[in-house]
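Remember, it's a predicted structure, so these values are computed and weren't measured experimentally.
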Amino acid sequence: AEAAAGLVETLARAMHFAHERGIVHRDLKPGNILLGRAEGGGRRAEGAEDSLPGSALLPPPSALSPKVTDFGLAKRLG
């Protein structure tokens with residue numbers, strides 16, 4: 001729950017930053033949020049083998065960096 005709250009806080013700060021500059025996203029939804037690996041984050045999935053597609057490094061929730069995407073419907077106010 002703490003990691004999820006941290007992700008939401010990061011997204012709220014990003015939207016606040018845009019709003020302060022007069023930009024409204026107008027289509028913010030889970031599909032327009034990408035989760036990337038924060039610098040230095042990651043661990044090998046338990047029991048993963050190198051030949052399996054799921055064997056990539058999986059970051060713990062605290063090492064995720066959310067990115068807001070798809071500003072296609074965004075509007076500049078003012």
Side-chain angles (χ1 to χ4, degrees):
E2 189 174 320
L7 293 174
V8 171
E9 179 185 10
T10 300
L11 292 169
R13 290 180 184 276
M15 290 293 83
H16 179 69
F17 183 86
H19 292 166
E20 285 185 321
R21 284 147 185 82
I23 299 170
V24 179
H25 190 280
R26 300 191 330 159
D27 193 26
L28 192 60
K29 59 187 177 187
N32 288 339
I33 306 296
L34 299 180
L35 293 176
R37 186 175 294 122
E39 198 64 34
R43 63 178 171 76
R44 180 144 317 267
E46 243 180 75
E49 296 179 20
D50 288 336
S51 61
L52 298 176
S55 66
L57 291 179
L58 300 174
S62 61
L64 293 174
S65 176
K67 309 289 185 201
V68 179
T69 64
D70 194 359
F71 280 79
L73 295 178
K75 185 173 186 174
R76 184 178 266 295
L77 301 177

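Note that NZ of K67 is 10.0 Å distant from CG of L35, once rounded to the nearest 0.5 Å. D27 CG to T69 OG1: the interatomic distance, rounded to the nearest 0.5 Å, is 9.0 Å. Note that CG of D70 and CD1 of I33 are 10.5 Å apart. Values are rounded to the nearest 0.5 Å. Annotation: the span from E2 atom CD to L7 atom CG amounts to 11.5 Å, rounded to 0.5 Å.
Between the side chain of R26 and the backbone N or O of F71, no donor-acceptor pair lies under 3.5 Å.
A continuous path of ILVMFWY side-chain contacts below 4.5 Å connects L11 to M15, so both sit in one hydrophobic cluster.
When H19, R13, E20 are each tested for a side chain to side chain donor-acceptor pair (under 3.5 Å) with H16, only one passes: E20.
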